[in-house]
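In what follows, chains carry the letters A, B, and so on, assigned in the order in which the sequence lines appear, proteins first and then strands, with residues in each chain numbered from 1. Quick caveat, the model's predicted, so the values are computed rather than measured. Reckoned from all heavy atoms, side chains included, excluding hydrogens, waters and symmetry mates.
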Amino acid sequence: MAIPPCCKVRAREFDLKRTLESGQVFHAMPVGKGWQVLADRTPFYIEQDGEWLLVEEGREELIARYFSFDHPLEVIYEEFPKDSFSTAALHSCRGLRIIRQPRWECVGTFITSPMKQVSHIRQISLTLRERYGKKVPGSLINAYPTPDALAALKEEDLRDCKLGFRAKGLLGTARAVAEETIDLEAIASLPTPEVRKALCTLPGVGRKVANCILLFAYERLDAVPVDVWIGRILLAMRKRKGSNLTLEKYSARKFGIYAGYVQQYLFHHARITKTLPAA
DNA sequence: GACCAGGTGCCAG
DNA sequence: CTGGCACATGGT
């Protein structure tokens with residue numbers, strides 16, 4: 001595939017590969033030395049060489065916003081917990097940024113995430129895009145299917161995309177959004193607990209998925225999704241039993257206003273190294 | 001084949 | 001509030 005005219009942009013504290021592979025978005029395609037990415041309906045090619053980014057001319061602003069170049073990583077790193085596991089996570093994930101995702105795409109993909117590995121979530125996302133998403137000129141990847149497109153399907157169609165028991169939730173949620181039972185844009189102005197409450201009314205969205213959506217699509221950088229990995233990590237740090245909700249509150253106290261960032265580094269580090277904090 | 005994966009919903013105690 | 005169970009699918 002031909003690579004369009006490019007320009008160089010300096011990016012500080014940014015690691016493209018880590019960011020794209022850390023279980024936030026699930027569609028990015030390796031192409032040549034870089035990646036093809038779709039920010040909602042806008043495709044772009046991006047390639048990293050040290051501090052420099054090769055990006056398509058005219059897409060600089062969109063890319064800066066998508067990858068949250070405005071997040072103050074230096075500040076976040078200073079406030080990082082000082083225990084050895086967190087320090088190791090910081091070093092092995094430095095440059096990982098929380099992506100600003102389209103709201104509906106984030107809701108949809110994380111409804112398909114329960115009890116699935118990252119690679120499976122990716123397969124499901126790509127199948128849904130392939131079958132039900134709009135083609136985007138100049139992009140290998142289709143757009144994420146709209147709520148209307150999914151709302152028109154049968155549960156069987158979604159099960160055929162290997163969603164399993166998650167099909168019912170995605171269909172129900174697509175219909176709720178299509179019928180305007182919930183307005184994913186309007187709730188963005190509410191305080192975090194109220195956004196979470198609204199999201200949790202959707203079928204297939206519980207506390208963990210809601211926190212993923214808050215972190216990745218509503219800029220709530222203090223939101224901590226407690227999955228099996230984070231659960232085990234926090235349990236080891238806290239050194240005593242507790243429910244996921246207890247662990248989430250513990251992490252809020254311990255990690256502060258950027259707890260979601262800390263969580264993402266711990267998650268990615270544990271996953272790639274297959275290690276946990278020492279008991 | 002068992003075991004596990006970025007859980008949720010529902011039910012009992 | 002907590003614990004227990006069913007729910008699909010694919011990879012070690």
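- A/R166 and A/E155 are not joined by a salt bridge, as no carboxylate oxygen comes within less than 4.0 angstrom of a charged side-chain nitrogen.
- With salt bridges taken as basic N to acidic carboxylate O contacts below 4.0 Å, one links A/D70 and A/R100.
- Sorted by first and then second residue, the salt bridge (Lys or Arg N to Asp or Glu O under 4.0 Å) pairs with a member in residues 22-45 of chain A form an empty list; sequence neighbours excluded.
- Taking only distance into account, the side chain of A/Q123 never meets the base of C/dG11 through a donor-acceptor pair shorter than 3.5 Å.
- For a distance-only test at 3.5 Å, the side chain of A/K208 fails to qualify as a donor-acceptor partner of the base of B/dT8.
- Comparing atom distances between the A/K162 side chain and each of C/dT9, B/dG6, C/dG11 picks out C/dT9 as nearest.
- Residues A/E248 and A/R207 are paired through a salt bridge, judged by an N-O separation under 4.0 Å between the basic side chain and the carboxylate.
- When the P atom is compared between B/dC4 and C/dC5, the two are found 15 Å apart, to the nearest whole Å.
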Any chance you could encode DNA chain B as dot-bracket? Rule is Watson-Crick or G-U wobble with both distances under 3.5 Å; [ ] for pairs crossing earlier ones, | for another strand. .||||.|||||||
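- The base of B/dG6 sits within donor-acceptor range of the side chain of A/Q263, with an N or O pair under 3.5 Å.
- Where A/L245 and A/E155 each meet DNA chain C at their nearest nucleotide, the meeting point lying more 5' is that of A/L245.
- Here the side chain of A/W229 is nearest to one of C/dA8, B/dG6, B/dT8, namely B/dG6.
- Of the candidates C/dT2, B/dG7, C/dG11, the closest approach to any side-chain atom of A/T246 belongs to C/dT2.
- Toward the 5' end of DNA chain B, the nearer of the two residues A/F267 and A/P203, judged by each one's closest nucleotide, is A/F267.
- With C/dC7, C/dT2, B/dG6 as the choices, the nucleotide that has an atom nearest any side-chain atom of A/S243 turns out to be C/dT2.
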